[in-house]
Amino acid sequence: MPVRTLRGFRDLLPNYLEDFRWVESRARAVFERAGYREVLTPTVEPFELYEEKEGEQIEESMFVFEDKAGRRVALRPEFTASLARLFAFMGGEFKLPVKWYYVGNVFRYDEPQRMRYREFWQAGAELMGASTPESDAEIMSLAWNTLRDVGLGEGALIRLNNVGIVKSMLEAWGVSGEMQSRVLTWMDKLGKVERSEVERGLAELLGEERGSRLMGLVDVEGEDPSELEPVLRGFEGSVEALKNLEEVYDAARAVGMRVRLTPFLVRGLAYYTGTVFEAFVEDIPYALGGGGRYDGLVAEYGGPPTPATGLSLGLDRIVDAVREKGVRVKRERSGVFVAVVSDDLRRRAFVLVESLRAAGIRADLDLRGGRSLSKQAEYADRTGWRYVIFLGPKEVERGVYVVKDLESWEQLEVPEGGLLDFLRAGLD
RNA sequence: GCCGGGGUGGGGCAGCCUGGCAGCCUGGGGGCCUGUGGAGCCCCAGACCCGGGUUCAAAUCCCGGCCCCGGCCCCA
């Protein structure tokens, strides 16, 4: 009975994982250089952790089930809620600001599509207890620098907005929770559907005048943020948010990021209160990462009121982009494969291999047995070994090893006592 | 939820319209090679998603089902 992976889940194979771990390590290095330290939270969380900050409909896109005690539990769909929860409980023990990062798998019950899986990998960071513009800019820089360090810096672009601008307008109009997120959803559609369609949608929700006022926001895409000012006249909170947007924008530009103001960018999450951003790379049609400021979340989980900002990177998508763009991680040959002329030397080869391994050198031999020397050499070549040692009666008798370098295709004799030094020199 | 494209050896495909011995590439095992030449030549193993129907005959035509991929919606 053949059994395969569940829909939307994948097996990750060595060639893929090699690239994946490389990207992951670059992200970790970026985070650590900025002073972030790793935390790990549970894969399974109480459903309420996610319920509180979104409507009920998010349950559809999550793995939710009952455990044996009848509790409603969920596979984590993201990390931010967990870290905010963690901070709410433990934050008092740490000097502020707290800087945490994570790497892990997350789960979403969506219909799988290109680069959309039901289990995928995120690396991200949260900065809690700081609200300066530089805090947001630093979080953005983590995305920017990761893309740069995996070779995607060329066409990288950060789209930036501040949801406080539009949220303040809506609040001034008395537009409430459910209605608010419907408005935001429409705005988010800009760039995906016809402008006139969005206009119609907003007018339906808010009326002609207010709708067109909102549309006035989007026209300054990419321009100087101060151009938004006239549009916002009369909305106190919006003006403040705009000022913050300008400062974050300037801070990000000051450290060399390519940033584009995108007033219709609102992101799906309801918990964002200020800065929001997404990271893109030219020719890749979806965001490789994103994040923003969520100043209310920690308090919602019972912690002290705490300003916070964070990001997450879609590792799978970045790996895909790296491959797509041909930045390609180079695979290097390594280690030693010991090939034997005849089966009766296998024990001797095994002893040699184990001693090499003990000395810290990657080594292997043909464990199938009964294979010609040419087959063993071919195997060593095709599976990426750097050296082949040909072990036969002649070598044993003379106390030497015949070592072939599969990179240069050169071959030479090394005396038994000199093997370790020779290999170490070559493999380093 | 809606709309497309597909299910044929391990992977990727052709064959289907026009029913008649199931083919190619790659990967796997082996030989040429009685001691290694990244190659070449040769050999071997391995498949028509499931269930009905039509037919002398079904991978091919018809009906039903299941599954996969992609697009839309959504996307924490």
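Residue numbers start from 1 in every chain, and the chains themselves are labelled A, B, ... in the order their sequence lines are given, proteins ahead of strands.
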*Asks:* Taking atom P in both B:rC24 and B:rC41, compute the distance separating them and give it to the nearest angstrom.
*Replies:* 14 Å

*Asks:* Could I get the full list of salt bridge (charged side-chain N to carboxylate O under 4.0 Å, His left out) partners for A:Arg348, not counting sequence neighbours?
*Replies:* none

*Asks:* If the P atom of B:rC33 is compared with that of B:rA58, how far apart are they to the nearest Å?
*Replies:* 47 Å

*Asks:* Stacking here means centres under 5.5 Å and planes under 30°; does A:Trp409 stack on B:rG37?
*Replies:* no

*Asks:* If the threshold is 4.0 Å, N to carboxylate O, is there a salt bridge linking A:Arg371 and A:Asp343?
*Replies:* no

*Asks:* Select base, sugar-phosphate, or nothing to describe what A:Gln411 touches, counting heavy atoms under 4.0 Å on all strands.
*Replies:* base

*Asks:* Mind checking the C1' distance from B:rA59 to B:rU18? Whole angstroms is fine.
*Replies:* 15 Å

*Asks:* Considering residues at least two apart in sequence or located in another chain, which fulfil the ring-ring contact (aromatic ring centres under 6.0 Å, His included) criterion with A:Phe89?
*Replies:* none

*Asks:* Which residues within residues 302-313 of chain A lie with some heavy atom under 4.0 Å of an atom in RNA chain B?
*Replies:* none

*Asks:* Taking a pair as Watson-Crick (N1 to N3 plus N6-O4 or O6-N4) or G-U wobble (N1-O2 and O6-N3), both under 3.5 Å, which stems of 3 or more consecutive pairs involve RNA chain B?
*Replies:* B:1-7 with B:66-72, B:10-13 with B:23-26, B:28-32 with B:40-44, B:49-53 with B:61-65

*Asks:* Rounding to the closest angstrom, what is the interatomic distance between B:rU8 and B:rC50 at atom P?
*Replies:* 10 Å

*Asks:* Pick base, sugar-phosphate or nothing for A:Val388, based on heavy-atom distances below 4.0 Å to the nucleic acid.
*Replies:* nothing

*Asks:* Have A:Tyr101 and A:Arg28 got a donor and an acceptor in their side chains that come within less than 3.5 Å?
*Replies:* yes

*Asks:* It should be established whether A:Arg371 places a side-chain nitrogen or oxygen under 4.0 Å from OP1 or OP2 of nucleotide B:rG29.
*Replies:* yes

*Asks:* Any ion pair linking A:Glu45 and A:Arg85 (charged N to carboxylate O, less than 4.0 Å)?
*Replies:* yes

*Asks:* Mind jotting down which residue pairs meet the salt bridge (Lys or Arg N to Asp or Glu O under 4.0 Å) criterion with at least one end in residues 123-135 of chain A? Sequence neighbours excluded, please.
*Replies:* none

*Asks:* Output the residues of residues 112-129 of chain A in contact with RNA chain B, where contact means a heavy atom of the residue under 4.0 Å from an atom of the strand; sort by number or write none.
*Replies:* A:Gln113, A:Arg114, A:Arg116

*Asks:* For A:Glu378 and B:rC32, what is the distance between atoms CD and C1' respectively, to the nearest whole Å?
*Replies:* 14 Å

*Asks:* Looking at B:rC68, I'd like to know if its phosphate oxygens (OP1 or OP2) sit under 4.0 Å from a side-chain N or O belonging to A:Arg7.
*Replies:* yes

